[in-house]
There are 2 protein chains.
Amino acid sequence: MSTMTTTSPQGRTELLRPDGSPVRVLVVDDELSITELLSMALRYEGWQIRSAGDGTGALQTAREFRPDAVVLDMMLPDMDGLTVLGRLRRELPDVPVLFLTAKDAVEDRIAGLTAGGDDYVTKPFSLEEVVARLRGLIRRSGAADRRSDSVLVVGDLTLDEDSHEVSRAGEGIHLTATEFELLRFLMRNPRRVLSKAQILDRVWSYDFGGQANVVELYISYLRRKIDAGREPMIHTRRGAGYLIKPAVS
Amino acid sequence: MSTMTTTSPQGRTELLRPDGSPVRVLVVDDELSITELLSMALRYEGWQIRSAGDGTGALQTAREFRPDAVVLDMMLPDMDGLTVLGRLRRELPDVPVLFLTAKDAVEDRIAGLTAGGDDYVTKPFSLEEVVARLRGLIRRSGAADRRSDSVLVVGDLTLDEDSHEVSRAGEGIHLTATEFELLRFLMRNPRRVLSKAQILDRVWSYDFGGQANVVELYISYLRRKIDAGREPMIHTRRGAGYLIKPAVS
DNA sequence: CGGCAACCTGTGATTTCCCTGAGAAACGCA
DNA sequence: TGCGTTTCTCAGGGAAATCACAGGTTGCCG
């Protein structure tokens, strides 16, 4: 299954299948709150979503829904994640799978699985992370030359989603994991005011219960690394949120 | 559900469904004064409104009314806002929801809500804010390429609701939150006299108890930023109110 | 032309929101 | 285990926004 991308007026790119229909994703998890959260977020990406609560349901849905990617929790009530994966593969040999695992799961079992081009995230995850990895999987499973989209550009600032490299005006910048995800979210929505609540919901894990001012703190970190001594690209809209835009404008 | 826009003779744009019928919005709040206030304001937008006072009523009404958007108070007598949301989602998976929350409500109760494209406003709100956010939700839930109407234009003055950017004759202008909302209200009603009472009811929170001359004050601020040294666009109709119109005409 | 009502705007008090330093806790890696 | 890095809390400082107040200005009417 190959994919293409289109760009909306705002510069936000969306994944589409070759025939122009939306990408299809199957979400499998036994916790209803998780499937709902993921379904909501992925639908907002413009994708078509189905969900299942156990292995049997997953296989059944997969057969008739024919998804382009699957999000699969390793812990299911009726069968082991590996069993589901095996049977899924018999039905849909080429569909990439994004595994959801508990943080303390045996890492090497997962590591073996991802060798086939699949990927995984640990619970609790951030939606940015899930969406980014899914986009990566879908892109790579399709036309190979689509890799170039993995680079986001705003003004003289670039961010590579594959290599995690960030540079401004050609100069490389080192970011921590959280800084990177925050910047990616901003750059995927350039010239658009994003509220602190939106940023928190998207960049931080769904179980984060801390102070909302972490967002301010990380914006401050980003500014120090990206805007330091240069024309600022990250702007505060007091009472509304933050936005990023090219320096010149 | 996709939507389209038309422009009325007054230059006022309205949201419509593809078949030309008005947008439908369900308002859910246990305080009658709030549902009445909102119903009145939203009907004035040309939308079709139903309201409910509790979760049970909301679900019942939603089933037969099939709204395009829902305004939902988090505090309901019979069930928790999140419970209502869950059941609502099972009935109408794609309907966007605008939550009403108390200002001092624990932040984590709204965590995750904006991730799916939903949004929220805190009580006490201004009607401009509710209407603007609802329009945004409805626009985005429909055809994705409808984003471009987020820009209001009157003469050489433009206001972008997404980026919160305002410019006159190409020159960027910085506005505070209140100035922005006031200008948006004026620009959404060009060439139309708006009384101070109307402006106060619309742009300021419904519990505002201050002096009515804040409107004069903020009009004065706006003039300083928008009309300064140029042909004025904001005009006073003594004894009646204010209006905005293109400079030339 | 005088007087009044409506409107404009300078000043400053108060509040709200945002930024950032310091340090504690958690994490990751050798 | 130990050490450097990263994440996050807390709190103080500071800037911006909001608004009340009051004196000045404008336009209207008799």
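Numbers restart at 1 for each chain; the letters A, B, ... are given by sequence-line order, proteins then strands. Fair warning: this is a prediction, and the values are worked out from it, not measured in the lab.
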Checklist outcome for this item: For B:Met233 and B:Val154, the nearest pair of non-hydrogen atoms, with its separation, is CE-O, 3.2 Å
Next on the checklist: Tell me every residue that passes salt bridge (Lys or Arg N to Asp or Glu O under 4.0 Å) with B:Glu129, counting only those two or more places apart in sequence or in another chain.
Outcome noted: B:Arg133
Item to check | Main-chain N/O of B:Lys245 paired with B:Arg191 side-chain donor or acceptor, under 3.5 Å | outcome: no
Checklist outcome for this item: Assign each of A:Trp204 and B:Trp204 the nucleotide of DNA chain D bearing its closest heavy atom; nearer the 5' end lies the nucleotide of A:Trp204
Checklist entry - So A:Lys123 and A:Asp29, salt bridge (charged side-chain N to carboxylate O under 4.0 Å, His left out) or not? Walk me through it. => result CA-CA 12 Å; A:Lys123 287 184 180 181; A:Asp29 198 304; 2.9 Å; yes
Checklist entry - Should the pair B:Arg202-B:Glu181 be classified as a salt bridge under the 4.0 Å nitrogen-to-oxygen rule? => result no
Checklist entry - Is the gap between the ring centers of B:His235 and B:Tyr242 under 6.0 Å? => result no
Next on the checklist: Just to verify, what does B:Ala240 make a side-chain contact (heavy atoms from CB on, under 4.5 Å) with, not counting sequence neighbours?
Outcome noted: B:Val193, B:Arg237
Checklist entry - Which of these, B:Val121, B:Val70, B:Val71, sits in a side-chain contact (heavy atoms from CB on, under 4.5 Å) with B:Leu134? => result B:Val71
Checklist outcome for this item: Rounded to whole Å, NZ of B:Lys225 lies from P of C:dT9 at a distance of 14 Å
Item to check | Side-chain (B:Asp160) to main-chain (B:Ser163) donor-acceptor, under 3.5 angstrom | outcome: yes
Checklist entry - For DNA chain C, what residues of residues 215-223 of chain B have any heavy atom nearer than 4.0 Å? => result B:Glu216, B:Leu217, B:Ser220, B:Arg223
Item to check | Working for side chain to side chain contact (heavy atoms under 4.5 Å, CB included), residues A:Val166 and A:Leu157 | outcome: CA-CA 7 Å; A:Val166 174; A:Leu157 181 65; 4.2 Å; yes
Checklist outcome for this item: Axis-to-axis angle for the helix from C:dC1-D:dG30 to C:dA30-D:dT1, ends of five pairs each, to 10°, equals 30°
Checklist entry - Near DNA chain C, under 4.0 Å by heavy atom, which residues of residues 230-244 of chain B? => result B:Thr236, B:Arg238, B:Gly239, B:Tyr242
Checklist entry - What distance do A:Glu128 atom CD and A:Asp201 atom CG have between them, rounded to the nearest 0.5 Å? => result 12.0 Å
Checklist entry - Is it true that A:Glu161 and A:Arg184 make a salt bridge, defined as a side-chain N closer than 4.0 Å to a carboxylate O? => result yes
Next on the checklist: Name the residue from A:Thr35, A:Val97, A:Leu72 that meets the side-chain contact (heavy atoms from CB on, under 4.5 Å) definition with A:Val28.
Outcome noted: A:Leu72
Item to check | DNA chain D contacts made by residues 205-214 of chain B, counting heavy atoms under 4.0 Å | outcome: B:Phe208, B:Gly210, B:Gln211, B:Asn213, B:Val214
Next on the checklist: Checking A:Thr158 now: which residues fulfil side-chain contact (heavy atoms from CB on, under 4.5 Å) with it, not counting sequence neighbours?
Outcome noted: A:Val151, A:Val153, A:Ser167
Using a cut-off of under 3.5 Å, enumerate the N/O to N/O pairs linking the protein to nucleotides 2-4 of chain C.
none

Next on the checklist: Run the salt bridge (Lys or Arg N to Asp or Glu O under 4.0 Å) test against B:Glu231 and tell me which residues pass, sequence neighbours left out.
Outcome noted: none
Side-chain donor/acceptor pairs under 3.5 Å, residues 206-225 of chain A, sequence neighbours excluded:
unit_1, atom_1, unit_2, atom_2, d
A:Glu216, OE2, A:Lys196, NZ, 2.9
A:Ser220, OG, A:Arg224, NH2, 3.4
A:Arg223, NH2, A:Ile234, O, 3.4
A:Arg223, NH2, A:Thr236, OG1, 2.6
A:Lys225, NZ, A:His174, O, 3.2
A:Lys225, NZ, A:Glu179, OE1, 2.7
A:Lys225, NZ, A:Glu179, OE2, 3.4

Checklist outcome for this item: Under a 4.0 Å heavy-atom criterion, DNA chain D is touched by chain A from D:dT6 to D:dA17
Item to check | DNA chain D contacts among residues 175-187 of chain A, heavy-atom distance under 4.0 Å | outcome: A:Thr176, A:Ala177, A:Thr178
Checklist entry - For the residue pair B:Leu182 and B:Val203, what are the closest heavy atoms and their distance? => result N-CG1, 3.9 Å
Item to check | Ion pair A:Asp156/A:Arg230, N-O distance below 4.0 Å | outcome: no
Checklist entry - Counting N and O atoms only, with roles assigned by atom type, does the side chain of A:Gln198 sit under 3.5 Å from a partner on the main chain of A:Ser195, one being a donor and the other an acceptor? => result yes
Next on the checklist: Nearest 0.5 angstrom please: B:Leu38 CG to B:Leu127 CG, how far?
Outcome noted: 6.5 Å
Next on the checklist: Does C:dC17 have its OP1 or OP2 closer than 4.0 Å to a side-chain nitrogen or oxygen of A:Lys196?
Outcome noted: no
